[in-house]
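Below you'll find the structure, written out as structure tokens, and then a few comments.
None of the values given here were measured: they were computed from a predicted structure. Start at 1 with the first residue, then count along the sequence. The basis for the numbers below is simple: all heavy atoms, side chains too, and nothing from hydrogens, waters or symmetry mates.
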Amino acid sequence: MSRCLLVYSSVTGNTQMVAEAIRRVLPGETVFLPVKKAPSAEGFDFVAIGFWTHRGGPDPAAARYMETVRGRDAAFFGTLAAYPDSEHAQGVVAKAESLLAGNRILGSFLCQGKLTPERLARRLTGEEADERHPFTEERRARLLEAARHPDARDLARAQEAFRNFWIRHLANTP
């Protein structure tokens, strides 16, 4: 019988919300914990890891945990203020995949997620703008759109993705 571990890191509740949705489509005996309380991935056949995006990759707590996972079927999910089909998001996926080197990665899922109210206010006023991240109307629109996520559609898409990753895992399990 295949053992499943689902861990997540969340600050605003976005990633936790996605994790809880995913949990509903994984087996009932799935171990489900915040990453800071997560056990070693040893003894689990399938590991799902969720993170919030920090500086172009998984947040530090999730990143440290991802580096410890080896020889497993794995999938990951994350939330970010950028569009999930953006170049920035592609970089987040590449970073997460590099942290999970040594595993069979079955897939990934990203969706937008709101920033903390304080951070959103600083970004909307341009307070955090710099040469690399100038304050533009496009950026303002993206941040306001991210504030509406994750929504029911995002959660349903996450569930569908992880249902498929689990099926793919089972298909390759002796």
Could you tell me the separation between the OG atom of Ser9 and the NZ atom of Lys36, rounded to the nearest 0.5 Å?
6.5 Å
Within one Ile-Leu-Val-Met-Phe-Trp-Tyr cluster: Met17 and Val7, side-chain cutoff 4.5 Å:
no
For residues Ile49 and Leu100, determine if any side-chain heavy atom of one lies less than 4.5 Å from a side-chain heavy atom of the other.
yes
For residues 107-116, which side-chain N or O atoms pair as donor and acceptor with protein atoms under 3.5 Å away, sequence neighbours left out?
residue	atom	partner	partner atom	Å
Gln112	NE2	Ala81	O	3.2
Lys114	NZ	Asn14	OD1	2.8
Thr116	OG1	Arg119	N	3.2

Test your reading of the model: is there a side-chain donor-acceptor pair from Asp154 to the backbone of His149, 3.5 Å cut-off?
no
With Ala21 via side chain to side chain contact (heavy atoms under 4.5 Å, CB included) - residues at least two apart:
Arg24, Leu155, Gln159
Taking only residues two or more places apart in sequence or in another chain, which ones pass side-chain hydrogen bond (donor to acceptor under 3.5 Å, both in side chains) with Glu67?
none
For Ala158 and Val18, the nearest pair of non-hydrogen atoms, with its separation, is CB-CG1, 3.9 Å
Using a 4.5 Å cut-off on heavy atoms from C-beta on, say whether the side chain of Tyr8 contacts that of Ile22.
no
CD of Glu138 to OG1 of Thr136, rounded to nearest 0.5 Å, is 5.0 Å
Atom CZ in Arg148, atom CG in Leu144: separation rounded to 0.5 Å?
7.5 Å
Partners of Thr53 by side-chain hydrogen bond (donor to acceptor under 3.5 Å, both in side chains), sequence neighbours excluded?
none
Write down the atom of Ser40, the atom of Tyr65, and the distance for their closest heavy-atom approach.
C-OH, 3.9 Å
Per the side-chain hydrogen bond (donor to acceptor under 3.5 Å, both in side chains) rule, what does the pair list look like for residues 68-90, sequence neighbours excluded?
Thr15-Thr79, Glu42-Arg72, Asp73-Arg104, Asp73-His169
All heavy atoms of Leu120 vs all of Ala147, minimum pair found to be CD2-CB, 4.4 Å
Among all residues two or more places apart in sequence or in another chain, which pass the side-chain hydrogen bond (donor to acceptor under 3.5 Å, both in side chains) test with Arg123?
Glu128
Sequence-distant partners of Leu170, side chain to side chain contact (heavy atoms under 4.5 Å, CB included), two or more places apart
Ser2, Trp166
Taking atom CD1 of Ile105 and atom CG of Leu99, what is their separation to the nearest 0.5 Å?
9.5 Å
Keeping Asn164 on the side-chain end and Ala161 on the backbone end, is there a donor-acceptor pair under 3.5 Å?
no
Test question: given the 4.5 Å side-chain rule for I, L, V, M, F, W and Y, name all other residues clustered with Ile167, or answer none.
none
Arg23: what forms a side chain to side chain contact (heavy atoms under 4.5 Å, CB included) with it, not counting sequence neighbours?
Leu6, Phe32
Running the 4.5 Å side-chain criterion over Ile, Leu, Val, Met, Phe, Trp and Tyr, what cluster does Trp52 land in, apart from itself?
Val11
Cluster question for you: counting only ILVMFWY and a side-chain heavy-atom cut-off of under 4.5 Å, with indirect links fine, are Leu26 and Phe77 together?
yes
Heavy-atom closest pair, residues Asn103 and Ala74
CB-CB, 4.3 Å
Heavy atoms of Phe162 and Ala48 approach each other most closely as CE2-CB, 3.7 Å
Results of side chain to side chain contact (heavy atoms under 4.5 Å, CB included) for Ala96 - residues two or more places apart only
Phe51, Pro58, Met66, Phe76
Show me the pairs that pass salt bridge (charged side-chain N to carboxylate O under 4.0 Å, His left out) and involve residues 164-174, at least two apart or across chains.
none
